[in-house]
Enquirer: 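So that we are looking at the same thing, I have put the structure below in structure tokens.
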Amino acid sequence: MLIADGKLAVREHVAADLIGVSAGTLRNWRCDPRGNKGPAYAKIGARVVYKIDDLKAWLDSRTVPTRAVMPR
């Protein structure tokens with residue numbers, strides 16, 4: 001774990017495990033020309049890190065409320 005901008009951050013493979021995707025998926029999302037698929041990331045030299053707060057915010061933005069099952 002690293003500290004980036006005073007916040008706890010993790011390397012790509014750890015971030016991928018935390019959100020349930022592969023590290024390759026994170027790489028693909030970073031290369032997406034629209035830039036809106038994956039969580040925000042930071043670069044420290046050539047190293048890519050993900051702040052824990054950004055991973056949480058990304059997951060929170062994708063929360064889908066459950067639907068109540070109506071009796072028939």
Enquirer: For the residue pair Ala23 and Ala16, what are the closest heavy atoms and their distance?
Expert: N-CB, 3.6 Å
Enquirer: Quick test of your reading of the model: are Lys51 and Asp53 salt-bridged, counting only N-O distances below 4.0 Å?
Expert: no
Enquirer: Please report, to 0.1 Å, the donor-acceptor pairs under 3.5 Å made by any side chain of residues 37-45, with sequence neighbours excluded.
Expert:
none

Enquirer: Apply side-chain contact (heavy atoms from CB on, under 4.5 Å) to the pair Leu26 and Tyr50, showing each step before the final yes or no.
Expert: CA-CA 10 Å; Leu26 284 179; Tyr50 291 83; 3.7 Å; yes
Enquirer: With sequence neighbours left out, write down each residue that passes side chain to side chain contact (heavy atoms under 4.5 Å, CB included) with Ser22, or none if nothing qualifies.
Expert: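 Here the qualifying residues are Thr25.
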Enquirer: Of all heavy-atom pairs between Val10 and Ala15, which one has the smallest distance, and what is that distance?
Expert: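 Smallest interatomic distance, heavy atoms only, reads CG2-N, 3.7 Å.
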Enquirer: Could you give all pairs that pass the salt bridge (Lys or Arg N to Asp or Glu O under 4.0 Å) test and reach residues 17-27, with sequence neighbours left out?
Expert: Glu12-Arg27
Enquirer: What is the distance from atom CG of Asn28 to atom CG of Asp32, rounded to the nearest 0.5 Å?
Expert: 9.0 Å
Enquirer: Apply side-chain contact (heavy atoms from CB on, under 4.5 Å) to Ile52 and Leu18, showing your working.
Expert: CA-CA 9 Å; Ile52 297 295; Leu18 288 172; 3.9 Å; yes
Enquirer: State which residues pass salt bridge (Lys or Arg N to Asp or Glu O under 4.0 Å) with Arg62; sequence neighbours excluded, sorted by chain then number.
Expert: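 With neighbours one apart ignored, the set is empty.
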